[in-house]
Amino acid sequence: MASSTSTRVDLDGNPINAITICMIGAGGFIGSHLCEKLMHETSHKVLALDVYNDKIKHLLEPDTLPWHGRIQFHRLNIKQDSRLEGLIKMADLTINLAAICTPADYNTRPLDTIYSNFIDALPVVKYCSENNKRLIHFSTCEVYGKTIGSFLPKDSPLRQDPAYYLLKEDESPCIFGSIEKQRWSYACAKQLIERLIYAEGAENGMDFTIVRPFNWIGPRMDFIPGIDGPSEGVPRVLACFSNNLLRGEPLKLVDGGQSQRTFVYIRDAIEAVLLMIENPARANRHIFNVGNPNNEVTVKQLAEMMTQVYSKVSGEPSLESPTIDVSSKEFYGEGYDDSDKRIPDMTIINKQLGWNPKTSLWDLLESTLTYQHRTYAEAMKKVIGKPLASKA
Ligand SMILES: NC(=O)c1ccc[n+]([C@@H]2O[C@H](COP(=O)([O-])OP(=O)(O)OC[C@H]3O[C@@H](n4cnc5c(N)ncnc54)[C@H](O)[C@@H]3O)[C@@H](O)[C@H]2O)c1
Ligand SMILES: O=c1ccn([C@@H]2O[C@H](COP(=O)(O)OP(=O)(O)O[C@H]3OC[C@@H](O)[C@H](O)[C@H]3O)[C@@H](O)[C@H]2O)c(=O)[nH]1
């Protein structure tokens with residue numbers, strides 16, 4: 001149930017007034033969690049824009065929901081829809097989440113990736129700037145690319161020095177591979193739109209906040225191939241590994257699974273976004289890393305942990321050989337490349353918003369894989385036509 005605005009205050013003790021938010025890409029993974037949070041815990045209104053609404057249907061129907069009238073879905077493609085400017089004008093704040101953001105697309109559909117992450121975001125920035133509207137734009141940790149340390153010899157002690165790997169919003173360079181490594185089409189398009197937004201702030205006084213998510217994961221992320229997405233589709237790693245576990249097949253480790261990632265629970269990350277929404281004076285003109293530096297693993301370790309957790313929550317024994325190595329060329333095709341290591345520096349978000357993530361990797365995997373099992377195990381059983389062991 002929404003709490004009344006008079007009882008909620010911002011970080012400086014001022015009452016929070018209800019606003020209208022134009023959320024583009026509201027039907028996706030992050031958007032669905034943000035809409036849920038806004039409906040359950042605030043009095044803000046949401047104009048939810050997307051081409052799909054499956055992940056927010058539970059918030060839109062039936063009319064008897066306590067937040068009825070505070071969320072309105074507009075099915076539109078921002079590539080070509082004259083309603084966009086009007087909807088941005090109706091709102092106090094625009095949040096842009098719309099993007100192609102699955103690595104399997106970056107090297108195989110580089111044009112769509114660049115158009116989606118740069119060209120299609122241009123009118124959103126323009127309408128916000130021209131109409132003096134605040135913009136929260138979703139960028140990515142991928143704008144950092146590779147760490148400086150990755151260019152040092154493998155046995156160099158400097159690789160252990162945070163100066164060579166810690167990713168800082170206001171200091172770290174953006175290091176991408178060569179143009180034929182089309183993996184970087186996404187990071188490069190995101191970097192250019194960040195620079196454009198920053199320039200709108202500097203030259204035209206636009207109020208903006210840029211978010212750089214570091215591998216946010218949780219329920220409703222992407223799709224399970226052959227169940228609620230194309231059988232030949234390749235989602236992000238959480239859904240790829242969930243799919244393997246649901247099918248009882250080995251998890252595929254791209255190039256041995258040696259890349260490192262830090263994973264943050266979606267619910268923790270959404271807390272950070274709500275702080276940005278409700279504390280504009282502290283969030284405007286800032287770029288924020290949002291991740292959990294304490295949850296670092298190699299992809300191989302992630303696979304091992306997910307195998308253990310899934311066995312616990314499903315009651316099914318794990319395979320004798322739970323993982324299998326696959327080359328990146330075989331898995332993603334020509335032009336794939338990878339970020340070696342991603343640890344967010346938390347100084348700026350701590351200082352401006354006092355935010356810290358709370359959930360350990362084990363705990364977030366336990367709640368997420370419980371959701372995956374509950375949501376997909378029965379459907380998967382039908383697809384692969386073999387009965388699953390019931391939970392002991
Ligand atoms: N999830 C993460 O860990 C992560 C990490 C880094 C960056 N990001 C960024 O956060 C944003 C949201 O990511 P997500 O994980 O929720 O992805 P998602 O794919 O689940 O959500 C994106 C949504 O945007 C919509 N969309 C795309 N193009 C559109 C268009 N032309 N018109 C209307 N709607 C359109 C899609 O239908 C989808 O529902 C993206 O910008 C992504 O680059 C996410
Ligand atoms: O089945 C798989 C899937 C993925 N992987 C590996 O797992 C790692 C993570 O892959 P993900 O698909 O989650 O995507 P990445 O972390 O590389 O990029 C993501 O980062 C931030 C966002 O901008 C995007 O959501 C996406 O680009 C990569 O090293 C990838 O090669 C596997 O080893 N096996």
Side-chain angles (χ1 to χ4, degrees), residues 23-34 48-56 74-81 84 95-106 112-113 115-117 119-121 123-124 136-144 183-187 189-190 193 210-218 220-223 225 229 234-244 250-266 269-270 273 289-291 297-300 302-303 306 323-328 331-332 336-342:
M23 196 190 299
I24 306 168
F29 163 58
I30 296 176
S32 72
H33 286 274
L34 187 53
L49 282 54
D50 206 305
V51 281
Y52 306 112
N53 68 8
D54 317 34
K55 294 184 186 186
I56 52 169
H74 298 262
R75 192 180 300 278
L76 62 84
N77 186 332
I78 60 164
K79 272 184 193 300
Q80 67 248 349
D81 202 301
L84 181 62
I95 301 180
N96 190 6
L97 294 147
I100 287 177
C101 53
T102 36
D105 293 317
Y106 308 162
D112 287 342
T113 301
Y115 272 80
S116 168
N117 284 284
I119 307 285
D120 300 346
V124 177
I136 298 182
H137 185 82
F138 273 70
S139 181
T140 174
C141 58
E142 287 216 6
V143 294
Y144 293 110
R183 158 60 184 255
W184 303 109
S185 59
Y186 168 76
K190 286 280 203 199
I193 198 75
I210 289 170
V211 188
R212 292 182 178 167
F214 279 65
N215 293 78
W216 300 9
I217 59 174
R220 296 198 291 269
M221 186 168 197
D222 298 337
F223 58 90
V234 181
R236 286 170 285 188
V237 70
L238 174 82
C240 283
F241 285 173
S242 301
N243 181 38
N244 299 143
L251 282 58
K252 293 181 179 151
L253 300 179
V254 172
D255 294 337
Q258 292 312 303
S259 297
Q260 290 167 292
R261 295 288 188 272
T262 52
F263 293 94
V264 64
Y265 192 34
I266 183 71
I270 290 294
V273 182
N289 286 343
V290 181
V297 277
T298 62
V299 174
K300 186 168 193 285
L302 175 74
M306 283 182 67
T323 60
I324 183 172
D325 285 354
V326 50
S327 74
S328 53
F331 193 80
Y332 288 113
Y336 182 73
D337 199 359
D338 208 354
S339 298
D340 53 305
K341 184 176 177 76
R342 283 183 187 159

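The basis for the numbers below is simple: all heavy atoms, side chains too, and nothing from hydrogens, waters or symmetry mates. Read the numbers this way: they start at 1 and go in the same order the structure lists the ligands and their atoms. The model shown is predicted, which means the values in this text are computed figures rather than measured ones.
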Using a cut-off of under 3.5 Å, which N/O atoms of ligand 1 pair up with protein N/O atoms, and what distance separates each pair?
{"unit_1": "ligand 1", "atom_1": "1 (N)", "unit_2": "R236", "atom_2": "NH1", "d": "3.2"}
{"unit_1": "ligand 1", "atom_1": "3 (O)", "unit_2": "W216", "atom_2": "N", "d": "2.8"}
{"unit_1": "ligand 1", "atom_1": "3 (O)", "unit_2": "W216", "atom_2": "O", "d": "3.4"}
{"unit_1": "ligand 1", "atom_1": "15 (O)", "unit_2": "R236", "atom_2": "NH1", "d": "3.1"}
{"unit_1": "ligand 1", "atom_1": "15 (O)", "unit_2": "R236", "atom_2": "NH2", "d": "2.9"}
{"unit_1": "ligand 1", "atom_1": "16 (O)", "unit_2": "F29", "atom_2": "N", "d": "3.4"}
{"unit_1": "ligand 1", "atom_1": "16 (O)", "unit_2": "I30", "atom_2": "N", "d": "2.8"}
{"unit_1": "ligand 1", "atom_1": "20 (O)", "unit_2": "F29", "atom_2": "N", "d": "2.8"}
{"unit_1": "ligand 1", "atom_1": "31 (N)", "unit_2": "N77", "atom_2": "OD1", "d": "2.8"}
{"unit_1": "ligand 1", "atom_1": "32 (N)", "unit_2": "I78", "atom_2": "N", "d": "3.0"}
{"unit_1": "ligand 1", "atom_1": "37 (O)", "unit_2": "D50", "atom_2": "OD1", "d": "2.7"}
{"unit_1": "ligand 1", "atom_1": "39 (O)", "unit_2": "G28", "atom_2": "N", "d": "3.1"}
{"unit_1": "ligand 1", "atom_1": "39 (O)", "unit_2": "D50", "atom_2": "OD1", "d": "3.4"}
{"unit_1": "ligand 1", "atom_1": "39 (O)", "unit_2": "D50", "atom_2": "OD2", "d": "2.7"}
{"unit_1": "ligand 1", "atom_1": "41 (O)", "unit_2": "L97", "atom_2": "O", "d": "3.1"}
{"unit_1": "ligand 1", "atom_1": "41 (O)", "unit_2": "K190", "atom_2": "NZ", "d": "2.8"}
{"unit_1": "ligand 1", "atom_1": "43 (O)", "unit_2": "Y186", "atom_2": "OH", "d": "2.7"}
{"unit_1": "ligand 1", "atom_1": "43 (O)", "unit_2": "K190", "atom_2": "NZ", "d": "2.9"}

query: Relative to the ring of H33, is the ring of F29 parallel (under 30°), tilted (30 to 60°) or perpendicular (over 60°)?
result: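 It falls in the perpendicular class, over 60°.
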
task: Indicate the atoms forming the closest heavy-atom contact of L253 with V299, along with that distance.
output: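 Of all heavy-atom pairs spanning L253 and V299, the closest is CD2-O, 4.1 Å.
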
field: Heavy-atom pair with the smallest gap, counting every atom of E142 and Y186
entry: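 Nearest heavy atoms, E142 then Y186: OE1-CD2, 3.6 Å.
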
query: Which value, rounded to the nearest 0.5 Å, describes the distance between D325 atom CG and K252 atom NZ?
result: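 Rounded to the nearest 0.5 Å, the CG-NZ separation comes out at 12.5 Å.
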
message: For the OG1 atom of T113 and the CZ atom of R183, what is their distance to the nearest 0.5 Å?
response: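 CZ of R183 is found 11.0 Å from OG1 of T113.
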
Are any protein N/O atoms closer than 3.5 Å to the N/O atoms of ligand 2? If there are, list each pair with names and the distance to one decimal place.
{"unit_1": "ligand 2", "atom_1": "12 (O)", "unit_2": "V237", "atom_2": "N", "d": "3.2"}
{"unit_1": "ligand 2", "atom_1": "13 (O)", "unit_2": "V237", "atom_2": "N", "d": "3.2"}
{"unit_1": "ligand 2", "atom_1": "16 (O)", "unit_2": "N215", "atom_2": "ND2", "d": "2.9"}
{"unit_1": "ligand 2", "atom_1": "16 (O)", "unit_2": "R261", "atom_2": "NE", "d": "2.7"}
{"unit_1": "ligand 2", "atom_1": "16 (O)", "unit_2": "R342", "atom_2": "NH1", "d": "2.9"}
{"unit_1": "ligand 2", "atom_1": "17 (O)", "unit_2": "R183", "atom_2": "NH2", "d": "3.0"}
{"unit_1": "ligand 2", "atom_1": "17 (O)", "unit_2": "R261", "atom_2": "NH2", "d": "2.8"}
{"unit_1": "ligand 2", "atom_1": "18 (O)", "unit_2": "E142", "atom_2": "OE2", "d": "2.8"}
{"unit_1": "ligand 2", "atom_1": "20 (O)", "unit_2": "E142", "atom_2": "OE2", "d": "3.4"}
{"unit_1": "ligand 2", "atom_1": "20 (O)", "unit_2": "R342", "atom_2": "NH1", "d": "3.1"}
{"unit_1": "ligand 2", "atom_1": "23 (O)", "unit_2": "T140", "atom_2": "OG1", "d": "2.6"}
{"unit_1": "ligand 2", "atom_1": "23 (O)", "unit_2": "Y186", "atom_2": "OH", "d": "2.5"}
{"unit_1": "ligand 2", "atom_1": "25 (O)", "unit_2": "C101", "atom_2": "O", "d": "3.2"}
{"unit_1": "ligand 2", "atom_1": "25 (O)", "unit_2": "R236", "atom_2": "NH1", "d": "2.8"}
{"unit_1": "ligand 2", "atom_1": "27 (O)", "unit_2": "Y106", "atom_2": "OH", "d": "2.6"}
{"unit_1": "ligand 2", "atom_1": "27 (O)", "unit_2": "E142", "atom_2": "OE2", "d": "2.5"}
{"unit_1": "ligand 2", "atom_1": "29 (O)", "unit_2": "D338", "atom_2": "OD2", "d": "2.6"}
{"unit_1": "ligand 2", "atom_1": "31 (O)", "unit_2": "Y336", "atom_2": "OH", "d": "2.8"}
{"unit_1": "ligand 2", "atom_1": "33 (O)", "unit_2": "K252", "atom_2": "O", "d": "3.4"}
{"unit_1": "ligand 2", "atom_1": "33 (O)", "unit_2": "V254", "atom_2": "N", "d": "2.9"}
{"unit_1": "ligand 2", "atom_1": "34 (N)", "unit_2": "K252", "atom_2": "O", "d": "2.7"}

- request: Check whether any side-chain heavy atom of F223 lies under 4.5 Å from a side-chain heavy atom of D54, and answer yes or no.
  value: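 No; the side chains remain at least 4.5 Å from each other.
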
field: Close side-chain approach of W184 to S339, heavy-atom, < 4.5 Å
entry: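 When only atoms from C-beta onward are counted, S339 and W184 do touch, with a gap below 4.5 Å.
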
task: Would you confirm whether Y332, through its side chain, and S327, through its main-chain N or O, come within 3.5 Å as a donor-acceptor pair?
output: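 Such a contact is absent between Y332 side chain and S327 backbone.
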
field: Side-chain ion pair, R261 and D338, N-O less than 4.0 Å
entry: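 Between D338 and R261 there is a salt bridge, with a charged N closer than 4.0 Å to a carboxylate O.
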
